[in-house]
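In what follows, every heavy atom counts, from backbone to side chain, and hydrogens, waters and symmetry copies are set aside.
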Amino acid sequence: LAVIFGTMHLVKKVGLEDPEYALVIRGFYAVTTMVILGLTQYLKNQIQKQNDTTALEYDDPSSSSQQTRIVTTVSKYDLGEIAKLQKSTLFTAAIVVFMHFKFGYIQPLILQSLLPMLNLYKNPLFQIHILGKPAIDSLKRPWIPENPF
């Protein structure tokens, strides 16, 4: 929340909402989105290269009525998680671009240039495969999604 409110305060104080800055902000947004997609592709390549066939069993968190046991490998689990991250990035980009060109909103471009980079840094895949942290404690698979509330 501090990043969101701090960014919005800075945007208003500097006057980045003026249409004259729109092209620069669009470019910044496009570059950060491409960096995120590039990093996720690099992560995918790293996961495929490592091909960790360690067995992984867990209860499916999406099935609420009955417990469904999922048996997979670490590599397949990580590839599934990276696919979710890539889809989420593309879906968010589509919404932000639509909001910008349809309604002229600049703030979502600025926020979505910063927040996904922060979220990628905190992502367990990035922590394990890029930063080389061991998959223990909060990085132990399966990862429980953070509650946004």
Side-chain angles (χ1 to χ4, degrees), residues 1-11 16 22-149:
L1 288 176
V3 171
I4 293 172
F5 290 122
T7 302
M8 290 302 97
H9 177 71
L10 184 65
V11 165
L16 291 177
L23 187 59
V24 172
I25 293 170
R26 284 180 201 147
F28 184 63
Y29 175 71
V31 166
T32 57
T33 302
M34 294 323 252
V35 166
I36 290 169
L37 290 172
L39 283 171
T40 56
Q41 187 60 42
Y42 176 76
L43 278 167
K44 183 177 180 179
N45 293 342
Q46 289 297 106
I47 293 165
Q48 289 172 335
K49 193 182 299 182
Q50 291 173 359
N51 195 22
D52 187 350
T53 57
T54 306
L56 180 64
E57 279 188 56
Y58 62 96
D59 291 328
D60 185 9
S62 63
S63 66
S64 58
S65 60
Q66 56 179 310
Q67 293 294 334
T68 305
R69 195 82 175 147
I70 296 179
V71 179
T72 187
T73 64
V74 168
S75 183
K76 287 181 182 177
Y77 179 80
D78 287 359
L79 287 172
E81 291 298 309
I82 203 72
K84 287 180 195 176
L85 185 57
Q86 288 174 326
K87 286 178 189 174
S88 170
T89 300
L90 292 172
F91 182 73
T92 302
I95 290 174
V96 168
V97 167
F98 172 78
M99 286 174 41
H100 174 66
F101 286 108
K102 179 71 175 172
F103 303 112
Y105 296 146
I106 297 278
Q107 287 181 349
L109 286 175
I110 296 169
L111 279 176
Q112 290 302 316
S113 296
L114 302 174
L115 290 178
M117 295 295 277
L118 180 63
N119 289 339
L120 181 63
Y121 176 77
K122 294 189 315 186
N123 189 294
L125 289 166
F126 187 86
Q127 296 284 318
I128 292 169
H129 295 287
I130 301 289
L131 300 180
K133 293 186 177 180
I136 56 173
D137 299 329
S138 65
L139 297 178
K140 186 176 181 191
R141 295 168 185 90
W143 300 305
I144 301 168
E146 289 185 22
N147 185 350
F149 303 107

(message) Using every non-hydrogen atom in the two residues, find where T53 and T73 come nearest and quote the distance to one decimal.
(response) O-CG2, 3.9 Å

(request) Grab the two heavy atoms, one from A135 and one from I128, that are nearest each other, plus how far apart they are. (result) CB-CD1, 3.8 Å

(message) Check this for me: does any side-chain nitrogen of one of D59 and R69 sit under 4.0 Å from a carboxylate oxygen of the other?
(response) yes

(message) Please determine whether a side-chain nitrogen of the Lys or Arg among D78 and K44 lies less than 4.0 Å from a carboxylate oxygen of the Asp or Glu.
(response) no

Check: [X] side chain, [Y] main-chain N or O, donor-acceptor pair, under 3.5 Å:
X	Y	answer
T92	S88	yes
Q112	V96	no
T33	A30	no

Looking at [atom1] of [X] and [atom2] of [Y], how far apart are the two atoms once the value is rounded to the nearest 0.5 Å?
X	Y	atom1	atom2	value
T72	L56	OG1	CG	6.5 Å
S75	D52	OG	CG	7.0 Å
M117	K122	CE	NZ	14.0 Å
R141	T54	CZ	OG1	8.5 Å

(request) Could you give me the CA-CA distance, side-chain angles and deciding distance for I36 and L85, then say whether side-chain contact (heavy atoms from CB on, under 4.5 Å) is met? (result) CA-CA 10 Å; I36 290 169; L85 185 57; 5.9 Å; no

(request) Verify side-chain contact (heavy atoms from CB on, under 4.5 Å) between L43 and N45, making sure each step is shown before the conclusion. (result) CA-CA 5 Å; L43 278 167; N45 293 342; over 6 Å; no

(request) Determine, step by step, whether L39 and L120 satisfy the side-chain contact (heavy atoms from CB on, under 4.5 Å) criterion, reporting the C-alpha distance in whole Å, the side-chain angles of both residues, the deciding distance to 0.1 Å, and the verdict. (result) CA-CA 9 Å; L39 283 171; L120 181 63; 3.6 Å; yes

(request) Assess the pair Y77 and W143: is the distance between their ring centroids shorter than 6.0 Å? (result) yes

(message) Does Y42 have more than 12 heavy atoms from other residues, nucleotides or ligands lying within 6.0 Å of its OH?
(response) no

(message) With a 6.0 Å cut-off (strictly less than), is the heavy-atom count around CG of L118, excluding the residue itself, greater than 12?
(response) yes

Sub-4.5 Å side-chain heavy-atom contact between [X] and [Y]:
X	Y	result
V71	Y58	no
Y29	L114	no
K133	F126	no
H100	V97	no
Q127	N123	no
L37	L90	yes
Q46	K49	yes

(request) Quick one: do L131 and Y121 satisfy side-chain contact (heavy atoms from CB on, under 4.5 Å)? Show the steps, please. (result) CA-CA 9 Å; L131 300 180; Y121 176 77; 3.7 Å; yes

